[in-house]
Amino acid sequence: MSKDSTRSSLELLFNVSRELARSPDLPAVLPRVLTLSVKNVDAERGTLIVLGMDEKPVDAAIVVEGQLISHTSSQLQATLDQGLAGWVLRQQKPALLMDTSKDERWLRRADDDLLRTGPKSAICIPVKSGEQLVGILTIVHSTPNFFNSDHLALLQAIADQAGIAISNALLYNSLQSATRRYRELFEENINPLIVTTWSGEILEANRAAASASGYALSDLTGRSIEMLEPSSPKKIKEETDALRVGANISYVSELHGKDGKNYPAEIFLVSARIGGQECLQWTLRDITERRELDHLREDLSAMIYHDLRSPLSNIISSLDMLKMLIPFDKNPNILPVFQISERSTERMQRLIESLLDINYLEAGQPITNKRETNIREMVYDAVEVIAPTAESKKQKVGIQLPDSLPAPVMDSDMIRRVLINLLENAVKYTPVEGELSTGVSHDGAWITIWVQDSGLGIPPEDQQRIFEKFTRLQSARFPKGLGLGLAFCSLAVRAHGGRIWVESKEGAGSRFFFRLPIKST
Ligand code: ADP
């Protein structure tokens with residue numbers, strides 16, 4: 001190459017790179033690359049097909065005598081399937097066609113009749129960004145033998161620069177659509193969403209946030225989130241470390257509307273980088289309806305339990321009276337029948353007391369009725385309560401107690417019901433002729449009570465959740481229940497400062513433990 005042609009090539013490439021840098025947008029980049037290429041090799045027409053990651057065409061531009069002309073996606077696909085561009089795509093190398101009429105790689109379409117348009121010459125080159133093929137550039141001249149290797153080298157140099165510009169444009173496009181999608185999700189979200197700085201200044205709010213708070217969007221921007229959520233500064237301070245490492249924080253608080261009314265909300269807080277800025281994103285979900293439903297359910301259940309309690313105590317006192325009046329020694333058949341009604345009413349009473357306790361303990365009320373308890377007596381008494389049901393299932397019940405036991409301070413009636421509950425479950429979930437046992441151990445400041453059965457066992461993944469309300473494991477073999485017994489046990493034990501857990505192997509029985517402090521907490 002002469003000095004002059006080297007200089008003009010460098011000038012050309014400099015112009016090309018300046019042109020390409022003008023706009024990062026794909027629809028602007030494509031015609032520019034193509035027009036530059038066509039012009040610089042004195043050709044008349046050219047095609048640039050942009051390929052996606054899967055090497056399928058995502059866009060294209062066609063220039064004929066300086067004019068952009070339209071194309072269809074089937075035209076592009078045909079060129080890639082059968083034409084020269086397809087050959088370059090598969091071989092990943094350039095092609096120089098001196099005479100298109102003599103080369104099989106040239107696809108003759110209906111509009112490219114040899115008699116009408118004549119033989120042509122063409123150059124087709126892969127456009128790459130690094131190793132990634134991002135497009136195929138085809139330049140055509142209307143006379144054969146027009147192009148030479150200098151043209152090929154020049155177009156390859158243009159294509160190398162175009163590859164980077166196209167791949168930047170593709171990235172820019174996907175960034176643009178991701179931003180658009182984010183904006184849509186933000187705007188259209190049915191939950192109030194607010195973006196603030198780390199100091200709580202509102203940068204953006206969506207429509208739902210405006211309508212929930214009663215403020216206009218323009219009134220919200222620039223103000224502090226504290227205006228809506230007074231505990232927010234404290235929350236940001238407390239959770240800074242967790243938020244910095246990307247944790248999702250959720251808590252329940254009250255939101256203050258413009259009309260002076262407050263409404264309960266569940267708040268989700270997460271840090272986010274938006275537009276290059278470190279921000280906090282707040283989702284303020286209104287839970288008024290959920291709260292109302294919770295209250296309704298609590299009121300309803302409390303009402304039912306209370307209403308059941310008084311007739312039940314009447315039955316119990318009548319049974320007590322009957323016990324004194326009926327001469328059982330003269331009518332021995334009556335005694336077992338009488339005992340059944342006595343046991344059933346006691347069971348019902350325990351159930352109602354436990355249901356009332358669930359409400360009470362869930363509300364965070366403290367245990368007030370604590371006293372020193374004789375654990376030995378409690379264990380014997382609890383076993384006596386379940387003995388008739390265990391006997392009817394031919395189950396053996398063992399008791400293992402150390403010689404001496406401390407007298408822990410607790411609500412004896414409540415803990416007695418916990419133990420009976422575990423024993424009742426052991427009977428219920430153990431087959432006929434199974435074996436059960438219960439026992440106590442103590443170490444230092446703690447006493448541990450356990451109940452062992454030889455039943456079906458509990459899979460490891462369920463061993464935590466059985467202590468939640470209304471959890472019942474799915475098994476046709478299991479008898480029916482409410483799923484409230486263990487929830488009560490867990491609440492009662494935790495309210496005493498203790499812990500409850502289960503160790504179990506499927507098919508090999510379960511052992512439930514609960515551990516309580518000996519001295520009152
Ligand atoms: P319920 O017995 O009324 O269903 P619980 O809260 O007492 O409710 O128990 C929750 C669930 O835990 C039961 O439905 C049962 O699936 C499982 N479970 C409880 N105790 C045992 C046990 N000893 N052996 C096997 N599964 C048990």
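Just follow the structure's listing: the first ligand is 1, and inside any ligand the first atom is 1.
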Please compare C489, S454, P459, G483 and report which has the shortest non-hydrogen distance to atom 1 (P) of ligand 1.
G483
Report, in ascending order of atom number, the atoms of ligand 1 lying under 4.0 Å from any heavy atom of K428.
1 (P), 2 (O), 3 (O)
The atoms of ligand 1 lying under 4.0 Å from a heavy atom of L484, numbered in the order shown, are 6 (O), 8 (O)
Quick one: does L456 get a heavy atom under 4.0 Å from ligand 1?
no
Is there a nitrogen or oxygen of L486 sitting under 3.5 Å from a nitrogen or oxygen of ligand 1?
yes
side-chain hydrogen bond (donor to acceptor under 3.5 Å, both in side chains) with S74: which residues, sequence neighbours excluded?
T72
Heavy-atom contacts with S510 under 4.0 Å: which atoms of ligand 1 show up? List them by number with element.
24 (N)
Considering residues at least two apart in sequence or located in another chain, which fulfil the side-chain hydrogen bond (donor to acceptor under 3.5 Å, both in side chains) criterion with T448?
R515
Could an N or O of ligand 1 be found under 3.5 Å from any N or O of N421, whether backbone or side chain?
no
Could you walk me through whether R350 and E353 pass the salt bridge (Lys or Arg N to Asp or Glu O under 4.0 Å) test, one step at a time?
CA-CA 5 Å; R350 278 198 307 277; E353 292 302 330; over 6 Å; no
Distance alone, cut at 3.5 Å: any donor-acceptor contact between the side chains of R494 and S490?
yes
Counting only heavy atoms, which portion of T471 has something under 4.0 Å from ligand 1: side chain, backbone, both, or neither?
backbone
For atom 7 (O) of ligand 1, which of the options V427, L351, N425 provides the nearest non-hydrogen atom?
N425
If you compare F512, F467, Y429 by their heavy atoms, the one closest to atom 14 (O) of ligand 1 turns out to be Y429
How close do E266 and R290 get, counting heavy atoms only, and between which atoms?
OE1-NH1, 3.2 Å
Is the charged tip of R499 near the ring of W446: under 6.0 Å from the six-membered ring centre and within 45° of its axis?
no
Passing candidate, side chain to side chain contact (heavy atoms under 4.5 Å, CB included) with E254, options N262, L228, I267
N262
Sub-4.0 Å atoms of ligand 1 with respect to non-hydrogen atoms of I466
12 (O)
L473 heavy atoms, cut-off 4.0 Å: which ligand 1 atoms fall inside?
14 (O), 16 (O)
Residue that, paired with F512, satisfies side chain to side chain contact (heavy atoms under 4.5 Å, CB included) out of V418, I466, L423
I466
